[in-house]
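One structure is given here, and the rest of the page talks about it.
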Amino acid sequence: MSGGGCSIVWFRRDLRVEDNPALAAGVRAGAVVAVFIWAPEEEGHYYPGRVSRWWLKQSLAHLDSSLRSLGTALITKRSSDTISSLLEVIKSTGATQLFFNHLYDPLSLVQDHRVKEVLTAQGVTVRSFNADLLYEPWEVHDEEGRPFRTFALFWERCLSMPYDPESPLLPPKRIISGDVSRCPSDTLVFEDESEKGSNALLARAWSPGWSSADKALTTFINGALIEYSKNRRKADSATTSFLSPHLHFGEVSVRKVFHLVRIKQVLWANEGNRAGEESVNLFLKSIGLREYSRYMSFNHPHSHERPLLGHLKYFPWVVDEGYFKAWRQGRTGYPLVDAGMRELWATGWLHDRIRVVVSSFFVKVLQLPWRWGMKYFWDTLLDADLESDALGWQYISGTLPDSRELDRIDNPQFEGYKFDPHGEYVRRWLPELARLPTDWIHHPWNAPESVLQAAGVELGSNYPLPIVEIDAAKARLQEALSQMWQNEAASRAVIENGTEEGLGDSSESVPVAFPQDMQVEMDPEPVRNIPTTTTIRHYEDQMVPSMTSSLVRTEYDESSVDLRNSAENRAEVPRTVNIIEEPVREAIIHPLRQTVQSNNTMPRYNFAVGRRNSEDSTAESSSSVMKDGGIVPVWSPSSSNFSDPFAAEDNGIGTSSSYLQRHPQSHQLMNWRGLPQTG
DNA sequence: AAATAATTGCC
DNA sequence: GCAATTATT
């Protein structure tokens with residue numbers, strides 16, 4: 001076929017054979033070597049959690065057997081450096097081309113650029129594709145070419161693009177295998193002995209792999225989809241699509257989901273089925289949120305670690321590990337929150353509604369630093385997804401222009417009756433409250449003593465009293481918010497005086513690292529409602545090592561988890577984290593605005609202009625306009641000043657949130673001008 | 001029945 | 001904050 005050498009198809013989070021553009025390109029070009037590289041240390045702080053690794057293991061095995069039935073196999077490599085492993089595979093197979101599909105998390109954005117640079121320099125043809133999104137982030141923008149800053153406008157635009165998303169590709173009929181005789185697979189280890197027992201339980205509920213993903217999709221579309229709208233209030237998850245872990249690992253393509261759902265949409269629209277139509281719109285919206293999370297990550301690559309609206313930087317977080325622990329253990333005294341946390345801990349899964357409940361409780365009532373919560377989600381969720389989770393937590397924390405307001409506290413008691421009106425969900429996950437009548441199930445602290453006694457509940461003993469009263473939380477939140485605005489104003493004043501230009505962001509900060517001990521101890525010992533004496537506030541957004549900076553070994557210590565017996569530990573976070581203040585590199589400008597850029601202080605990434613459809617050009621280090629005018633980024637550090645296209649704009653557009661209107665000075669999204677430089 | 005108030009849902 | 005929905009008078 002093409003001049004002798006075979007192609008490498010590099011699999012990442014696109015573990016499927018159907019609608020996989022990189023694989024299709026490889027097959028088209030001739031012989032294929034399929035590769036997966038496991039280099040978790042590169043993910044530093046975001047080393048995948050136990051359940052996520054379990055999923056990956058199953059999914060890879062499944063992909064391997066599919067590839068085998070098509071004529072090749074999946075080569076797996078254990079690595080501490082992805083790029084050298086790629087080079088090694090290329091050398092040992094004599095490949096001349098590399099194909100892969102785009103990812104949009106900050107680490108991949110940087111890494112993929114380097115891959116292109118390095119391999120192209122070695123004479124390898126590198127091509128990358130869109131397999132993960134309906135539209136590439138750079139395809140969706142307003143009339144002036146600026147990225148949207150609110151979800152509604154973004155999604156509206158996606159749904160009315162002048163061209164449809166690419167149609168899903170069929171799986172290849174047959175794959176000609178490249179010569180892998182000198183390229184042996186490494187055995188990948190995804191779980192240690194202590195994790196096996198708990199992982200065995202996961203297999204009862206889930207089956208990873210692209211063919212079950214496909215099955216799940218069909219089942220959902222022909223089943224629960226039509227009731228999606230009606231059921232969206234229910235806490236028990238039987239009515240959701242269950243696609244999120246499949247989608248995270250790319251076992252099913254969103255484009256396929258989109259196309260199939262659209263077919264139903266047309267059908268129901270013709271039948272005049274209003275409920276069905278509404279369900280479709282709602283479900284598509286959740287697909288849209290996933291798209292939007294990639295869009296945000298691409299346009300704001302720090303969004304997993306920094307609030308997008310700068311004011312939150314001044315929020316006085318309550319740094320209280322006792323609160324944090326109570327939340328993780330499901331011992332906050334609020335049944336709906338606790339039930340959710342127990343479910344998450346036991347199953348790695350949580351209904352979206354409940355994710356909002358527990359995370360907003362975390363941020364608003366406990367006022368713990370949002371990144372701790374996000375990290376815990378990362379470690380425990382089966383569908384842990386950096387971009388989606390970052391978007392979710394930013395939304396909850398009120399740091400998106402279209403966020404939920406920070407100053408409104410949701411009352412878990414009322415939410416309980418809304419999402420779990422009969423208390424079934426709470427009873428399932430909180431056996432200690434199982435005998436409590438529905439009238440009191442979501443607020444046991446109000447129940448008469450006789451009722452509690454009859455139900456065998458002893459508050460403060462076998463079930464805690466509320467860790468923080470809602471009214472107290474409201475007052476504390478108001479106080480914290482006015483403190484935040486004061487701090488922000490003070491900081492602005494300093495900056496305007498010019499005394500601390502450029503340093504204002506970092507100089508006064510006391511970084512708040514993750515707690516040393518994030519273990520969950522489900523000790524049967526009653527947790528009393530001990531007032532926390534160590535309420536330290538930090539007047540700075542919490543800081544942990546940035547993902548890109550930590551090619552740092554993190555130590556995990558996970559011991560076994562058993563659902564029945566609640567006397568075990570689980571470490572969720574590295575005990576030791578070496579914080580390396582390494583520069584963060586992926587500042588980004590909008591492609592259409594780079595001409596506006598001026599002075600040279602920051603590295604940034606350029607965009608090259610390339611083909612519009614799923615293929616992009618081979619690596620190029622400078623911008624160039626191609627015939628059909630679409631834009632494809634080529635990540636290339638350059639040394640001109642980074643300016644966040646949003647921050648530079650006026651303050652008024654797309655912000656409707658109350659306190660933002662009251663505090664118009666804080667409309668700007670943060671920009672990263674003050675960051676240190678990369679070498 | 002129409003006007004007004006209160007409540008919810010907004011990624 | 002604002003629009004849409006629901007409750008109240």
Side-chain angles (χ1 to χ4, degrees), chain A residues 104 133-134 137 140 147-159 228-235 240-241 244 247 254 274-275 277-279 281-300 303-304 306-309 311-312 350-364 370 373-374 377 381 383 385-419 421 481 646 651-664 666-667 669:
Chain A
Y104 309 89
L133 295 175
L134 300 176
V140 185
F148 292 104
R149 38 202 281 159
T150 57
F151 171 71
L153 292 173
F154 165 81
W155 189 230
E156 196 187 311
R157 176 73 186 151
C158 287
L159 291 175
Y228 191 77
S229 162
K230 206 179 85 192
N231 288 329
R232 88 195 111 125
R233 285 174 148 250
K234 302 257 179 71
T240 64
S241 72
S244 58
L247 280 168
V254 262
R274 292 278 305 287
E277 270 192 278
E278 207 201 320
S279 288
N281 289 337
L282 263 165
F283 177 69
L284 285 182
K285 199 167 108 178
S286 68
I287 296 291
L289 286 168
R290 179 183 173 284
E291 297 270 310
Y292 192 56
S293 72
R294 270 73 181 152
Y295 187 75
M296 291 305 270
S297 176
F298 178 82
N299 286 305
H300 305 279
S303 61
H304 66 294
R306 283 164 204 237
L308 281 173
L309 289 172
H311 61 252
L312 202 76
L350 218 45
H351 189 289
D352 183 55
R353 293 281 139 185
I354 307 302
R355 294 184 197 205
V356 171
V357 169
V358 300
S359 56
S360 101
F361 184 86
F362 185 92
V363 172
K364 312 277 184 77
W370 63 276
M374 190 180 130
F377 270 25
L381 278 172
D383 58 6
D385 181 283
L386 197 58
E387 296 97 309
S388 291
D389 291 350
L391 181 69
W393 282 89
Q394 295 245 11
Y395 165 66
I396 292 302
S397 311
T399 56
L400 300 171
D402 49 356
S403 276
R404 176 176 274 245
E405 295 102 315
L406 235 190
D407 54 1
R408 192 142 91 187
I409 286 189
D410 301 301
N411 190 325
Q413 177 186 336
F414 302 144
E415 289 183 310
Y417 287 108
K418 221 173 359 179
F419 303 137
L481 284 172
F646 288 4
N651 295 333
I653 304 166
T655 51
S656 61
S657 183
S658 63
Y659 64 83
L660 286 184
Q661 244 144 37
R662 273 181 267 128
H663 301 275
S666 292
H667 282 203
L669 298 179

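Just so we're on the same page: letters track the sequence lines, and every chain starts at 1.
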Can you measure [X] atom [atom1] to [N] atom [atom2] for me and round it to whole angstrom units?
{"X": "A:Y395", "N": "B:dC10", "atom1": "OH", "atom2": "P", "result": "7 Å"}
{"X": "A:N281", "N": "B:dC10", "atom1": "CG", "atom2": "P", "result": "13 Å"}
{"X": "A:I287", "N": "B:dC11", "atom1": "CD1", "atom2": "P", "result": "16 Å"}
{"X": "A:L289", "N": "B:dG9", "atom1": "CG", "atom2": "P", "result": "17 Å"}
{"X": "A:D402", "N": "B:dC10", "atom1": "CG", "atom2": "P", "result": "13 Å"}
{"X": "A:F419", "N": "B:dG9", "atom1": "CZ", "atom2": "P", "result": "7 Å"}
{"X": "A:W155", "N": "B:dC10", "atom1": "CH2", "atom2": "P", "result": "16 Å"}
{"X": "A:R232", "N": "B:dC11", "atom1": "CZ", "atom2": "P", "result": "12 Å"}

task = Give the ring-plane orientation class for A:F154 versus A:Y292, where under 30° counts as parallel, over 60° as perpendicular and anything between as tilted.
result = tilted
inquiry  = One thing to verify: whether A:K418 and A:D410 come together as a salt bridge, which I'm taking to mean a side-chain N less than 4.0 angstrom from a carboxylate O.
reply    = no
inquiry  = Salt bridge check, A:R232 against A:E278: does any charged N sit closer than 4.0 Å to a carboxylate O?
reply    = yes
key: Stacking check A:F151 vs B:dC11 (5.5 Å / 30 deg)   = no
inquiry  = Within the 4.0 Å heavy-atom criterion, would you say A:D352 contacts the bases, only the backbone, or no part of the nucleic acid?
reply    = base
inquiry  = Could you check whether A:D402 and A:T150, counting side-chain N and O atoms only, form a donor-acceptor pair closer than 3.5 Å?
reply    = no
ask   = So, do A:F362 and A:W393 have ring centers that fall under 6.0 Å from each other?
value = yes
Restricting to nitrogen or oxygen on both sides, can you table the protein-nucleotides 6-8 of chain B pairs closer than 3.5 Å?
none

message = Checking salt bridge (charged side-chain N to carboxylate O under 4.0 Å, His left out) between A:D385 and each of A:R290, A:R355, A:R294, which is the one that passes?
response = A:R294
